[in-house]
Amino acid sequence: MSISKDLYPSEDDLVYEEELIRNPFSLKLWWRYLIARTHSPFTKRSIIYERALKSLPASYKLWHAYLRERLELVRNLPVSHSRYDSLNNTFERALVTMHNMPTIWTMYLTSLIEQKIVTRTRRAFDRALCALPVTQHDRIWDLYLVFVSQRGVPIETSHRVYRRYIKYEPRHIEDLIEFLLSSGLWQEAAERLAGVLNDDSFRSIKGKTKHTLLLDFCDLLTNHASEISGLNVDAIIRGGIRKLSDEVGRLWTSLADYYIRRKLLEKARDVFEEGMTTVVRVSDFSVIFDAYLQFEESVLAFKMEAMSEDEQEEEDGGEENGVEDDGEEEEDNRLNVGKLKEKLKKFWLCDEKDADLRIERLEHLINRSPELANSVLLRQNPHNVEQWHRRVKIFEGNPTKQILTYTEAVRTIDPMKAVGKPHTLWVAFAKLYETHNDVANARVILDKAVQVNYKVVDDLASVWCEWAEMEIRHKNLKGALELMRRATAEPSAEVKRRVAADGNEPVQIELHKSLRLWTFYVDLEESLGTLESTRAVYERILDLRIATPQIIINYAMLLEDHKYFEDAFKVYERGVKIFKYSHVKDIWVTYLSKFVKRYGKSKLERSRELFEHAVEMVPAEVVKPLYLQYAKLEEDFGLAKRAMRVYDQATKAIPASEQLSMYEIYIARAAEIYGVPKTREIYAQAISSEGLPEKDAMKMCIKYAELEKSLGEIDRARQIYNYASRLADTRFDGDFWKKWSEFEVNHGNEDTFRDMLRIKRSVSARHSQTQVFLPEYLQKPTVDEAMGQLKRAGVPEDEMEALERQLAPKVNSAARKLGFVCSSIQLSETASGLIQNQEEIELPEGSESDEEDDDGKVEIAQKDVPDAVYGGLVRKRDDEESEKEKETGDGDTRLGALERIKRRRQG
């Protein structure tokens, strides 16, 4: 075969060729030669590579570069091209010397994977694993797993490879399990998962928990029940139910699904029933119930479909077959085992046409859903009284079920742990018998109920009261009274001593102090017993110190109804001694009203003592009604003078917020009894009282002034207005100033009106003058302080002079007028023009021309002082000022900044 001339060395190659002839084993010379021929055709470069590798067969650098170029050459070629064979041969030649280089192996194996040559690739992987050390196997196994995961690789091959890989890296057992699941090898996948779950030291590299793995295992066993054997699926799933409390419903349905796939329908139904009767969460119950309902519906639909197909086949078979000899058919059937089995299937126990039974089961399941849901809630807390009542309502119309439910409830509930009122179950249980006219059993139930140790005494008292009410409903009045006597009887000392020794005191020991029980008992005695027995019950209540104010009032009223008035008042006396405020208020009010109504004037001194005692005991906030009642007593039966004294005492005893209303009542009663002039003393006392608020005092002043005005005492009324102005504020008390203004317009003159305006202006000025205290860092420094700081800082005089002109206050000479003192706040012309006299009134024409201008401003006429008075002094003062001005004009420049500022301020 002739070699192309292009492959021979050229003139440019002679330099490299001569050097290589002299030193053929130099890697550097060969590498320089290859670099120089980078742009040459691959055929020529391959000859250079072959020559170099012949001289240096163990050069990794040459082999790696040569193989990379060959891989790049076949990159875009189909795998069936002939160059792939030469590439593979080159790799095989390279591995003769480079068998311990993992990079060469990975390049070769990657190329083989792309060529889809399964057997050659598998053998190459095995050779690589044998050639390389174990520490470098991880680089090979990654490619090996990619290879066996490709489509077209036999499952058995992949399976064997994964098994070998797990021996090398046991932590990657999850990869094997995923492969087994994807390949349909369910049996081994289940076994491997079981091994993982049983290994306590296993830690998932994919972040899966034992919880997740167990759920996956249960799903695997359930979904492939017929393909997996050798494992106790029932025990495994039940173990998961015990461990995974948040997935109980799902696991129960998985176990039932496992039996359904194994065609064990009755066993699946038992699993559903067991799950519904054991779960404690409503969510798990709903999952199981929905799955159970769907199962029954699907089974019923399948049975209905099968029945319709059988009926169709029977109709078709009856038309085709004729009538045969009965004797021969019977003789053949005796010997035909297949027909005997068909006859056995028609037996009622093996009847496949059980659609009616399936329908009944489905309806029964639907009807039981409320009961099953209630059972779940009771398993959460068997001491929940409300849930037991709801369970009884579920069985409404079925007394037997209700009785069984009540029996189970009272046996289950512990009164100390009960949520709700456990005694209501006993009462409802007894009423169930009562509604069915079985009073004897109702009494038995209530007799057992009163022996239960409840948490609180009121529960036991309620049971006794219900028992007595039942006896009353059945006209057994004596029995009801006897029950109350039995319930309120105090335990003997021996019983108390025995209970104290045990250390666990039941509520029955404290039952005789139950207020509810005694209240019911006393009502029963009032209705059915005698006065003596009722009084005995009331006295017993008082002796036990469990009486309430209402019981005291009821006892007293009972005695009053039977004309025992003194005894009734004694009961009131005992009541006011027992209770403190605020419970005693009602007793006092009832006691006083009853006593006054009964005796009136005959026992006036005793009534006064009662009232005095009452107002001393009752707090000031609520003593006002008692004072009014006391004063009413004195007005009706006593002396008017004492009544006034009571009113006066009340004004000092009640709170300040109620004193105004009390003074109004006091004044009204005094005016009615003694006449209007008598009220002047009360008004004077009210407005001078320290406890009366200022607003209320001002209201009293206005009323006082109106009174004096009505009596014609204008001067006294004006004095009262003048006194009230000390309490008034022009910003808020406009009504007061308006009334005073109207009063002066109607009853005063110009001088009095001017005095009113003057007082108003002074009050307004007093309330408007406020002084604001600012922090030191916000206060503006004075000129002296500023100049002192500048001097200490070393600022020259000329700069200080410029600064003093900025700090000097600007005086507006036009704003000052002779005869007025300039205030610290000066208003602009616009603002001052807006201030007008809001209390301006119209006077007769010509009256204001002499004193006020058109704008309503009062101008004070000023006259020059006669020279005869202070003439000499004025002239002497003017001469001295002119001389000072001359001296100042000459010496201002010599004065310092501080002196000049002081001179200006003094001028």
Side-chain angles (χ1 to χ4, degrees), residues 656-657 659-661 663-664 667-668 676 679-680 682-771 820-821 823-827 830-860:
S657 59
Q659 284 187 8
L660 178 61
S661 59
Y663 271 116
E664 290 175 350
I667 291 169
V676 175
T679 60
R680 285 176 173 168
I682 305 173
Y683 275 116
Q685 177 186 345
I687 62 178
S688 61
S689 175
E690 296 180 357
L692 191 66
E694 289 186 358
K695 291 185 177 180
D696 295 341
M698 192 173 61
K699 293 179 181 177
M700 292 299 294
C701 287
I702 295 173
K703 293 182 178 181
Y704 191 10
E706 294 291 337
L707 172 66
E708 296 294 351
K709 184 177 69 172
S710 65
L711 296 175
E713 297 290 344
I714 303 300
D715 292 336
R716 291 177 63 89
R718 185 174 292 110
Q719 291 177 2
I720 295 169
Y721 277 119
N722 192 356
Y723 174 82
S725 64
R726 304 175 189 174
L727 309 174
D729 188 349
T730 55
R731 297 171 296 177
F732 308 111
D733 302 324
D735 293 339
F736 168 74
W737 297 104
K738 185 177 179 181
K739 287 180 182 288
W740 194 3
S741 177
E742 292 176 356
F743 170 77
E744 294 296 348
V745 170
N746 296 327
H747 304 282
N749 53 30
E750 184 177 349
D751 294 333
T752 59
F753 190 81
R754 285 177 183 276
D755 292 338
M756 185 270 293
L757 293 178
R758 177 181 56 78
I759 293 172
K760 183 177 181 182
R761 282 196 298 271
S762 65
V763 171
S764 178
R766 185 175 72 249
H767 287 286
S768 63
Q769 287 178 356
T770 56
Q771 185 175 3
F820 288 91
V821 179
S823 64
S824 60
I825 301 175
Q826 296 181 6
L827 300 175
T830 307
S832 62
L834 294 175
I835 300 175
Q836 298 178 358
N837 186 8
Q838 300 296 333
E839 302 296 333
E840 182 180 358
I841 62 173
E842 295 182 1
L843 296 176
E845 295 182 359
S847 62
E848 62 180 358
S849 59
D850 299 332
E851 304 294 339
E852 300 180 2
D853 56 4
D854 296 337
D855 295 334
K857 297 181 178 178
V858 180
E859 293 186 358
I860 300 175

Under the salt bridge (charged side-chain N to carboxylate O under 4.0 Å, His left out) test, residues paired with [X] that sit two or more places apart:
X	value
Asp751	none
Arg680	Glu708
Glu713	none

Hey, could you give me the [atom1]/[atom2] distance between [X] and [Y], rounded to the nearest 0.5 Å?
X	Y	atom1	atom2	result
Ile720	Leu707	CD1	CG	7.5 Å
Gln685	Tyr663	CD	OH	4.0 Å
Asp696	Cys701	CG	SG	11.0 Å
Ile702	Lys709	CD1	NZ	11.0 Å
Arg761	Ile759	CZ	CD1	10.5 Å

Sequence neighbours excluded, which residues qualify as side chain to side chain donor-acceptor pair (under 3.5 Å) partners of [X]?
X	value
Thr752	Glu744, Asn749
Glu742	none
Asp715	Arg718

Glu664: side-chain contact (heavy atoms from CB on, under 4.5 Å) partners, not counting sequence neighbours = Leu660, Lys703
query = For Asp755, which residues count as a side-chain contact (heavy atoms from CB on, under 4.5 Å) partner, sequence neighbours excluded?
reply = Arg758
So which atom in [X] and which in [Y] form the shortest heavy-atom distance, rounded to 0.1 Å?
X	Y	value
Ala656	Pro693	O-CD, 3.6 Å
Thr679	Ile667	CG2-O, 3.6 Å
Ala705	Ala717	O-CB, 3.7 Å
Ile687	Tyr723	O-OH, 3.3 Å

message = Quick check against the 3.5 Å criterion: does Ser741 have a side-chain atom that pairs as donor or acceptor with the backbone of Lys738?
response = no
request  = Can you label the angle between the Trp740 ring and the Trp737 ring as parallel, tilted or perpendicular, going by 30° and 60°?
outcome  = parallel
key: All pairs passing ring pair (Phe, Tyr, Trp, His ring centres under 6.0 Å) where residues 697-720 contributes a residue, at least two apart   = Tyr683-Tyr704
